[in-house]
Amino acid sequence: MDIQQMNQNDQIKSVVETFIQKFWKENQELYRRKIVHEINDHQLAKLSTIEIPAKGRSVETVMNEMIEDIYKYRYYANHPRYLGFVPGPASLLSWLGDIMTSAYNLHAGSWINCPAASCIEQKLIHWFCNLTGYGEESGGTFVSGGSIANMTALIAARDKILSEDQLSLGVAYVSDQTHSSVTKGLRMIGIPNSRIRQIPTDSSFRMDPSQLELAIQSDYSNGLIPFVVIASAGTTNTGSIDPLEAISAICQTYHLWMHVDGAYGASILLTKQYKHLLKGIEYSDSISWDAHKWLFQTYGCSMILIKNKKNLLNSFSTHPEYLNDLEIENDSMNTWDMGIELTRPARGLKLWLTMQVLGCNVLSTAIEHGFQLAQWAEEELKKEKDVEIISPAQLAIVTFRYAPCNITEKQKDQLNQNISKKMLENGYAGIFTTELNGKKVLRICSIHPDTTKSDIIHIVSLLNHYCKDLCEEI
Ligand SMILES: Cc1ncc(COP(=O)(O)O)c(C=O)c1O
């Protein structure tokens, strides 16, 4: 092949069509498939023998090889019975939007490069800010995920509250249920573990505001400077929502930045039935919101929203000479002035496509369905005498533990781990474990719009069955 043939136009056109047919078929069969396709040592060994060739190969061969030997081996996180972690139930509309965005390959860091796409992304950001209850000065940008959204907010908080000579004194407050990306982000921006306070949670796994206030007072009296509190709008473990109004009152009293990690739960603001659960979120200074979770987008699509966009500009705006030609008067039009990335894809366009086609009412119903699924799961689980509900259905999460009375706590931990393993071996559903109150528990996170009540009933009956089988072996 010579360089004139690098784009292989005709060949690529035909393989794109083949790919779409294959992907379509796989997607239609998804419901009947197992939730995991395990890889074996033989397959891994085969992959590791493939070298980068000096002379290229046919695109059709390589594409087919990749479909068969690479993409096939995975957990199907968009499967209706994949109920682990926070699943990724991406809509086909998002997939289409993703393909379109990649096809046009927009450089969405600056307004001049793609003014129409930038306008649409900003319109979406403002729509979500409005939904949150933020005012005219708000703004934000699309980023790759909740981890980056959290870190972006923490940088803005640090730069707003702490002067340069106070950087070594700043203290941040999380709860014992806050997502690990927050403490990771804090460490990356120069806040060591010794200045990250983990506030205990109550019996519903919500941050205890009185403990928060005591911790802030104690840090002040030790000469430290509290600067940010991170509240969760839907924790990963249990779907708990921290008491947002009480936390915001504390932040206002002590002049701290309040960040809400809504990577998982902020999407409930789109629902008619459940948006009231986030009352108080409007008082926060910033919010992380993953569209690749409960807004049904492909990875990575997340938003950082901020009450006053000047605070993002303060931290991220730069004006190097080689970008002068793309400068415009209003910094906030160039997303590279609002976050970490310079070059970035127009991540918001697939969300735009999804929302334009589905409309808000369908999205609201789809999100409410997740709540209903978790409630059905809880009802089914309660019928089984050996099940303890550890946290009742909140958002779309329920946690529980098989705890027959004739075995030790250690054996119960092992039992629940083995139940999860058995379910994965069977492949019917993805149910994983977490730890709460020092115990191993099982967890269901049900945000897929195609999961049905009968799926849930069957899954619980399988879990019960595995428990009985495993208990006989103890
Ligand atoms: C509450 C919460 N925050 C942050 C994150 C991190 O988001 P991401 O994986 O998109 O970086 C997650 C991921 O599950 C989450 O559940």
Side-chain angles (χ1 to χ4, degrees), residues 75 77-78 82-90 94 98 140-155 157 172-189 196 198-199 201 205-207 228-242 244 247 258-269 277-278 281 284 286-305 339-341 344-345 347-348 350-351 367 370 374 391 394-399 430 432-436 443-448:
Y75 280 178
N78 60 335
Y82 184 91
L83 306 173
F85 313 104
V86 180
S94 171
D98 220 349
T141 185
F142 282 91
V143 294
S144 60
S147 306
I148 299 296
N150 282 333
M151 192 168 76
T152 306
L154 296 169
I155 292 170
Y173 302 82
V174 299
S175 87
D176 58 32
Q177 294 296 309
T178 305
H179 192 268
S180 59
S181 61
V182 173
T183 36
K184 194 197 245 186
L186 283 166
R187 286 194 297 270
M188 284 194 281
I189 69 159
I196 302 173
Q198 207 178 76
I199 306 301
T201 50
F205 304 101
R206 296 156 22 112
M207 185 189 280
V228 66
V229 178
I230 296 91
S232 298
T235 61
T236 315
N237 267 341
T238 62
S240 302
I241 298 167
D242 285 333
L244 300 177
I247 292 173
M258 174 178 174
H259 174 64
V260 174
D261 181 357
Y264 166 52
S267 296
I268 70 171
L269 286 171
L277 296 175
L278 295 190
I281 199 167
S284 65
S286 54
I287 299 169
S288 310
W289 189 330
D290 273 2
H292 62 215
K293 291 189 167 69
W294 221 348
L295 290 177
F296 314 111
Q297 298 303 293
T298 54
Y299 304 130
C301 187
S302 176
M303 290 172 278
I304 169 66
L305 306 181
I340 297 166
E341 293 175 300
R344 54 178 286 278
R347 296 191 178 91
K350 57 189 174 184
L351 181 58
I367 297 166
S391 62
Q394 297 189 86
L395 278 61
I397 299 178
V398 56
T399 64
F432 296 84
T433 68
T434 186
E435 280 171 33
L436 288 166
R443 176 178 170 281
I444 283 178
C445 180
S446 52
I447 60 172
H448 201 303

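In listed order, ligands and their atoms are each counted from 1. Note that the numbering runs from 1 along the sequence shown for the chain.
Ligand-side atoms of ligand 1 in range of Asp290: 7 (O), 8 (P), 10 (O), range being under 4.0 angstrom from any heavy atom. Of all the atoms in ligand 1, the ones that sit under 4.0 Å from a non-hydrogen atom of Gly145 are 10 (O), 11 (O). Interface of Gly146 with ligand 1, defined as ligand atoms under 4.0 Å from a residue heavy atom, comprises 7 (O), 8 (P), 10 (O), 11 (O). In summary, the atoms of ligand 1 found under 4.0 Å from a heavy atom of Ala263, numbered by their order in the structure, are 2 (C), 3 (N), 4 (C). Residue contact check: Thr236 has heavy atoms under 4.0 Å from atoms 1 (C), 2 (C), 15 (C), 16 (O) of ligand 1.
From the protein, the heavy atom lying nearest to atom 13 (C) of ligand 1 is Lys293 NZ, 3.0 Å. Among protein heavy atoms, the minimum distance from atom 11 (O) of ligand 1 is reached at Ser147 OG, 2.6 Å. In this structure, the protein non-hydrogen atom closest to atom 3 (N) of ligand 1 is Asp261 OD2, 2.7 Å.
Across His179, Met151, His292, heavy-atom proximity to atom 12 (C) of ligand 1 is greatest for His179.
Side-chain contact check for Thr235 and Thr238: at least one donor-acceptor pair (N or O, by modelled atom type) lies under 3.5 Å. Side-chain polar atoms of Gln394 and Ser240 form a donor-acceptor pair below 3.5 angstrom.
Of the polar atoms of Ser181, none of the N or O atoms is found under 3.5 Å from an N or O of ligand 1, judged by distance alone.
Proximity of Leu305 to Thr141: side-chain heavy atoms (C-beta onward) are nowhere separated by under 4.5 Å.
Rounded to the nearest 0.5 angstrom, His292 NE2 and Asp98 CG are separated by 12.0 Å. How far CG of Asp242 is from OG of Ser232: 5.0 Å, rounded to the nearest 0.5 Å.
Salt-bridge formation is not detected for the pair Arg443/Glu435: no Lys NZ or Arg NE/NH1/NH2 atom is positioned less than 4.0 Å from an Asp or Glu carboxylate oxygen.
Aromatic rings of Tyr75 and Phe85 (six-membered ring for Trp) have centroids beyond the 6.0 Å cut-off, not under it.
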